[in-house]
Amino acid sequence: MKYYDMRMEMMFIPMKNGYLKVYVSGFDRLGTWGNSIAVFNGVSATANGFNKKRTIVHSIAKLHKSLEKKSRGS
C-alpha cells in the first residue's frame, strides 16, 4: 500500500471551548490495525487497535485524562 492510498476520517465535535477533532486512519479491512488521534486545544492523544469504535473511545478517554492532569497542574 502506497502512502497516497491511505484514507483518513475526520470528526469534529463542537464543544463550549472549541472543537474536539478526531482523526482516524487504517481499519481498511476486517482484522487490520488502525490509529486514532484526538486533539483539543493543542493537546493530543493517540490510540492503536483492531476495533474502530473502541480505539476512538480510547483516544478520547486518554485525551480527557491528560486534560484533567493539565488543569490540576495549573
Side-chain angles (χ1 to χ4, degrees):
M1 180 182 294
K2 304 273 187 212
Y3 69 92
Y4 51 82
D5 290 336
M6 294 289 291
R7 301 274 189 250
M8 181 175 285
E9 296 177 41
M10 295 180 276
M11 293 187 284
F12 299 97
I13 303 167
M15 302 180 77
K16 284 190 254 183
N17 301 336
Y19 280 94
L20 172 62
K21 301 170 190 164
V22 181
Y23 303 99
V24 182
S25 63
F27 305 107
D28 296 329
R29 295 178 306 280
L30 185 64
T32 59
W33 280 90
N35 185 23
S36 173
I37 305 168
V39 180
F40 184 70
N41 287 342
V43 180
S44 65
T46 63
N48 297 320
F50 286 111
N51 188 315
K52 187 176 185 178
K53 290 179 186 177
R54 270 193 210 156
T55 306
I56 292 169
V57 169
H58 190 120
S59 67
I60 293 171
K62 285 173 69 174
L63 177 66
H64 177 70
K65 286 181 184 178
S66 64
L67 287 171
E68 278 185 333
K69 188 185 288 186
K70 184 178 177 183
S71 68
R72 285 186 197 149
S74 299

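These numbers were taken from a predicted model, which means no experiment stands behind them.
For the pair K70 and V43, the minimum side-chain heavy-atom distance is below 4.5 Å. Taking the side chain as every heavy atom from C-beta outward, T55 and V24 never approach each other to under 4.5 Å. Residues E9 and K52 form a side-chain contact, since some pair of their non-hydrogen atoms from C-beta on lies under 4.5 Å apart.
Across every non-hydrogen atom of F27 and S25, the tightest pair is CD1-O, 3.6 Å. The two residues I56 and S36 come nearest to each other via the heavy atoms CA-OG, 3.6 Å.
Put simply, CZ on R72 and CG on L67 are 11.5 Å apart, with the number rounded to the nearest 0.5 Å. Here the OG-CZ distance, from S59 to R54, works out to 14.0 Å after rounding to the nearest 0.5 Å. With values rounded to the nearest 0.5 angstrom, N41 atom CG is found 9.5 Å from L63 atom CG.
Remark: side-chain polar atoms of K62 are paired, donor with acceptor, to backbone N or O of T46 under 3.5 angstrom.
In the hydrophobic cluster analysis, where Ile, Leu, Val, Met, Phe, Trp and Tyr join through side-chain heavy atoms closer than 4.5 angstrom, I60 is grouped together with M11. Clustering ILVMFWY residues whenever any of their side-chain heavy atoms sit less than 4.5 angstrom apart, transitively, puts V22 in a cluster other than the one holding M8. Transitive grouping of hydrophobic side chains (ILVMFWY, heavy atoms separated by less than 4.5 Å) brings Y19 and M10 into a common cluster.
Pairs of residues two or more places apart, or lying in two chains, that qualify as ring-ring contact (aromatic ring centres under 6.0 Å, His included) and include a residue from residues 35-63 are W33-F50.
Judged as a side-chain hydrogen bond (donor to acceptor under 3.5 Å, both in side chains), and not counting sequence neighbours, K65 has no contacts.
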